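Quick caveat: nothing in here was measured; it's all calculated off a predicted structure. Every chain is numbered from 1 and lettered A, B, ... according to where its sequence line falls, protein lines coming before strand lines. Basis for what follows: all heavy atoms, side chains included, without hydrogens, waters or symmetry-related copies.
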Amino acid sequence: MNQPGTYKPVKDTSVVAMFKVKQDHASEFLFKDAFGEVFILAWTTTPWTLPSNCALTVGPKLDYVRVKSFNPYTHEPQTMVLAKSRLGAYFKTPTGSSDGGEYTAQALADYKKDGKNIPWKIDGEFYGHQLEGIRYEQLFPYAQPEGGDAFKVIGGDFVTTEDGTGVVHTAPSFGADDMRVARQHGIGTLTLVDLQGRFTTEMGEFAGKYVKNEYYINGQAPEKSVDVELSIKLKEMGRAFKVEKYEHNYPHCWRTDKPILYYPLDSWFVRVTAKKDRLIALNKTINWKPESTGTGRFGNWLENLQDWNLSRSRYWGIPLPIWRTEDRDEELCIGSLKQLKEEIARAVKAGVMKEDPYASFKVDDMSDTNYDTVDIHRPYVDNIVLVSQGGKPMKRETDLIDVWFDSGAMPYAQWHYPFENEATFKENFPANFIAEGVDQTRGWFYTLHAIATLTQDSVAYKAVVSNGLVLDKVGQKMSKRLGNAVDPFKTLDAYGADAVRWYMISNASPWDNLKFDAEGITEVQRKFFRALFNTYNFFALYANIDGFDGTGEASLTESDRWILSRLNSVMKLADANYADYEPTIAARAIQDFVVEDLSNWYVRLNRRRFWKSEQGADKNAAFQTLHRCLEMVSMLSAPIAPFFSDRLYRDLVGTSVHLSDWPKHDDVAIDIELEQRTVLAQKLTSLVLSIRKKEGHRVRQPLRKMMVPVTDATMRKRLDAIRELVLSEVNVKELVILDASESKLTKKIKPDFKKLGARMGKLMKSVANTVVGFSQAQIAELEANGSMKLAVEGQEVELLRDDVEITAENVPGLSVASDGALTVALDITLNETLIQEGIARELVSRIQTLRKERGFEITDRILLHIQRNGNARFEEAVERHSGYITAETLALTTDQQLLMDTLEGVSGGVQDLDLEEGLSCRIALSRVVR
RNA sequence: AGUCCUGUAGCUCAGUUGGUUAGAGCGCUACACUGAUAAUGUAGAGGUCCGCAGUUCAAAUCUGCGCAGGACUACCA
């Protein structure tokens, strides 16, 4: 029953059966002015249990009514008892009746006995406890119950009126509630079904039939199940009130898929309910991931705790170590082999056993060879007969222990504690964390917790991760039957363990269900692993060229300090989230750092320092910074990508990352202000690039200036700090900071709803509308005075400067873009100088591409000659920027030789280049032999 | 039947104490950029924040009732 999928929705024949009330002192009030015979209605989804009925259970505090009506099958007049709140389920309100009411006495008399619009009338209302003690006639008198006074109405607090009639047909043989309530009232039991699921011989025409058609061998099941046959019989007897198919969840065998029958069996229980409060209290100290499983599913389970039924009727497993006398007066639970041998010795002495079957076992010898000499499983233990204190023979209880007990006993059993290894056990208990599927809530998670609470008064684990399921990519459960199961080995072979794991961890938290889609793995490979690999390759390429060895004086730049600040922020975040069993948040932070911060920003902006600048403190700083970042990323990602990170770390450091100590972040290196102004720089860059795109100016074309209006000192300071960075990134010559008070700016005003809402309450909407409609003059007034009075809905309110956000929206005459409060204006007018510089850049770009195409090494020097093309602007651009061109392209050509009338006689392949619309040139390029 | 989880763009997911223009990546379209990068940038298209009702000046967010998918389960007549 602990297997998934045991409960399935099935349609069964359900019956509302009519139990005929016996007229006596207790039932007299039901017979007063009765209409035909008097019945109590009870509903069942298992009609096959009706012959075993022994009692009817009502809710003592529930309201019941007496209804006069007709039998829908025989049309005989009759009086019926059921719960008041269930009336609507069985009696239709007459058409035309507005008060939800009943038929009139006249309607009852006029009934045509055609089964249509059956009239009914309530006549009397009472509590359930008034029904208790009433006797009724047995429905199917095939056999009589034993050991009690059956066929009466009893009270039970488990009765509800959610469905059925509010009266529970009670067959103590088939249900725990029924058994319990029947015992309380001394009802006795009647079991007309055998352990194979067939009716017993007493059952007359039904004898030998299986109670569930599913139990028959394929093809041999009768057309009508006994449920249907019994229902027909009830109709014929005039004892059926309603027969219909009813869909409900019913438990099935996990192995054969067949419906399960409940039988009362004697069982041994662990009385966990005695420690319920401790179980609940200790659970509250466990770090559940997710928390809701601990408080919800598991917490609710503990609140409704039942005793642990330890018995299992199987052959293989751990035998119950309980011996008992035949009269059940004396019993003994054995706690160790040592004790067992002592008891066997007593038994041998008393003569109930001939010899000790475990004679070869040496007490206190914990070696495997010693334990290998004995077998304490069935059938050997079943042959052991012990002797009680009173001298009577005791035999072992034949049941086995629930295998979940083994799982829960794992922390002790693995060390053979308490027989040895006490120190080791205490060092390792309780566990720091465990992880298993969420379906183990009532399984492993519970048994560990129960046994630890009962035996150690402790939790068994400090944290528990309850993993969700891996579903297929459309969210269906994977199953071999549906053919949508992913082969883990093929997947690992195809994508590698690291990529698969990184995908699984970064995509969804372990406790969320994962929709597994292999395309997600390739995305992880493409984004994270390739970015990391490329960044390392970049580093290695230049580090090898320059012979970087990690030493040397280094002077950190702003962007070095920035990436190190980001690195330490990520280390802090990742560390905290790993510690809190939130690997998904950690993985995403690491991935974003590598892809966005390190690869797309730091390396892109700093690559010139690696391949262009002179050896020295600046270059050292760049190498050391990048090395540090890669080293830390490898350590941070080691728990999720153990292979890739180890290779990376070995290449960087020379040893295994898995032998390194977990890195600790450095708070001093974290500079939030620096990180924030870099975000500003990134936003500004985006805005300028967006204007360039809009205006059709390529990034290689330098522009004169950009302007940024600022409203506060912090912003001004930040802009000053990032000025050079932004200018070089967007290829603009000058950054002008505009004071917000400058009149030529137009401004936009927006209410700060959070602040304003708190003060304005219901006036909020009107105030907001007024504010949005402000003129430039009104905005200026508010800025100047810091506050202003508004008349809204006949009331005067005061608007404060802080209640609104004022941003510069536009700079007249310039091309503008904005993102939230940030606005940039770009001067896009060009002059000859800028145009020529743009041409030079364009030329360099083409030559670099050519170098690459020809397969030159990065460090190769070249000879470069450019043929005059008669375009004065182009030739002037080359002459003016000759130094820049030769330096960028690693050309050894002198400035005088760069621009030539003809390329004849010059070494190297000649190539025509298109620079831009209507401008092309011819160059000669050759590699200088080293 | 109950308990719990999930539901936001075509897909995978963020979304803070409720704050008014709901975001990212992938995918798609166009353009640009590039001597680390099959990378990247910019722009565009793409939303009933599962539905309904309520609370509130204000709801993806809080409450209730539902719907859909998933998991589990002592009783379940």
Side-chain angles (χ1 to χ4, degrees), chain A residues 1-2 4 6-7 14 42-46 49 56-57 158-160 162-171 174-178 180 248-251 290 292-293 295-301 304-307 309 437-443 468-469 471 473 475-477 506-508 511-513 515 517 519-520 523 526-527 530-531 533-542 588 592 595 599-600 603-604 607 610-611 685-686 689-694 696 698-700 750-758 760-768 845 848-849 851-852 856-858 889:
Chain A
M1 298 303 296
N2 281 320
T6 49
Y7 281 80
S14 77
W43 178 65
T44 180
T45 55
T46 53
T49 61
L56 294 171
T57 309
F158 61 90
V159 178
T160 66
E162 280 161 26
D163 42 29
T165 61
V167 182
V168 175
H169 140 63
T170 301
F174 308 105
D177 271 340
D178 293 18
R180 202 177 61 240
H248 62 149
N249 275 339
Y250 196 85
S292 59
T293 300
T295 54
R297 192 186 286 188
F298 195 67
N300 289 340
W301 158 264
N304 297 314
L305 196 66
Q306 306 283 320
D307 283 331
N309 182 348
V438 67
D439 55 335
Q440 292 300 327
T441 310
R442 269 84 155 169
L469 273 81
L471 308 171
K473 65 178 171 184
Q476 293 291 312
K477 205 174 158 181
S506 67
N507 194 57
W511 41 89
D512 288 333
N513 288 348
K515 287 184 194 165
D517 185 356
E519 287 198 19
E523 188 179 326
R526 235 182 17 245
K527 293 203 67 86
R530 187 167 294 156
F533 180 71
N534 285 331
T535 304
Y536 169 74
N537 261 0
F538 171 83
F539 169 83
L541 178 65
Y542 294 109
R588 287 177 182 171
D592 286 347
V595 175
S599 177
N600 290 352
V603 172
R604 190 160 56 82
R607 55 176 187 248
F610 290 89
W611 72 277
T685 304
S686 285
L689 292 176
S690 136
I691 299 172
R692 276 182 172 278
K693 155 84 180 155
K694 194 168 62 188
R698 292 170 303 201
V699 177
R700 275 194 292 265
K750 192 183 136 217
D752 182 334
F753 285 91
K754 205 167 178 173
K755 282 179 187 152
L756 205 55
M760 298 299 166
K762 292 199 185 232
L763 293 174
M764 180 70 188
K765 259 191 186 137
S766 312
V767 174
S845 163
Q848 301 289 39
T849 308
R851 282 183 57 119
K852 198 177 180 181
F856 292 3
E857 293 297 318
I858 291 164
T889 59

Phosphate OP1/OP2 of B:A36 contacted by A:Y542 side-chain N/O (<4.0 Å):
yes

Roughly how far, to the nearest 0.5 Å, is OG1 of A:T535 from CZ of A:F533?
10.5 Å

In Å and rounded to the nearest 0.5 Å, what is the OG to NZ distance from A:S599 to A:K527?
9.5 Å

Can you check the distance between [N] and [M], where both ends of the measurement are the [atom1] atom (answer in whole Å)?
N	M	atom1	value
B:U29	B:A45	C1'	8 Å
B:C26	B:C72	P	36 Å
B:A22	B:G41	P	23 Å
B:C62	B:G19	C1'	14 Å
B:G64	B:U40	P	44 Å
B:A14	B:A9	C1'	13 Å
B:U16	B:C11	C1'	26 Å
B:G27	B:C5	P	34 Å

Measure from the side-chain heavy atoms of [X] and tell me the nearest of [options].
X	options	result
A:K527	B:A14, B:G25, B:A36	B:G25
A:L689	B:C13, B:U37, B:G41	B:G41
A:S686	B:U40, B:C13, B:U42	B:U42
A:N507	B:U12, B:A36, B:A38	B:U12
A:E523	B:U40, B:C26, B:U20	B:C26

Atom-pair distance ([atom1] on [X]; [atom2] on [N]), nearest Å:
X	N	atom1	atom2	result
A:W511	B:U6	CH2	P	12 Å
A:R692	B:C33	CZ	P	10 Å
A:R526	B:C11	CZ	P	18 Å
A:D307	B:A74	CG	C1'	11 Å
A:N600	B:U40	CG	C1'	6 Å
A:F753	B:U17	CZ	P	21 Å
A:F539	B:U37	CZ	P	18 Å
A:N534	B:A36	CG	P	11 Å

Want to settle it: does A:L541 or A:I691 sit nearer the 5' end of RNA chain B, counting the closest nucleotide to each?
A:L541

Assert: residue with more 5' nearest nucleotide on RNA chain B, out of A:S506 and A:V603, is A:S506

Who pairs with [N] - Watson-Crick or G-U, where each distance is under 3.5 Å:
N	answer
B:G25	B:C11
B:U3	B:A71
B:G51	B:C65
B:A39	none

Mind listing the closest non-hydrogen atom pair of A:L56 and A:H169 along with its distance?
CD2-CA, 3.9 Å

Sub-4.5 Å side-chain heavy-atom contact between A:T685 and A:L689
yes

I'd like to know if the side chain of A:R526 and the backbone of A:A531 have a donor-acceptor N/O pair within less than 3.5 Å.
no

Can you check whether any acceptor in the base of B:A36 is under 3.5 Å from a donor in the side chain of A:S599, or vice versa?
yes

Can you say whether the rings of A:F538 and A:F610 are parallel (under 30°), tilted (30 to 60°) or perpendicular (over 60°)?
perpendicular

Under 4.0 angstrom, heavy atoms only, what part of the nucleic acid is A:T49 near: base, sugar-phosphate, or nothing?
nothing

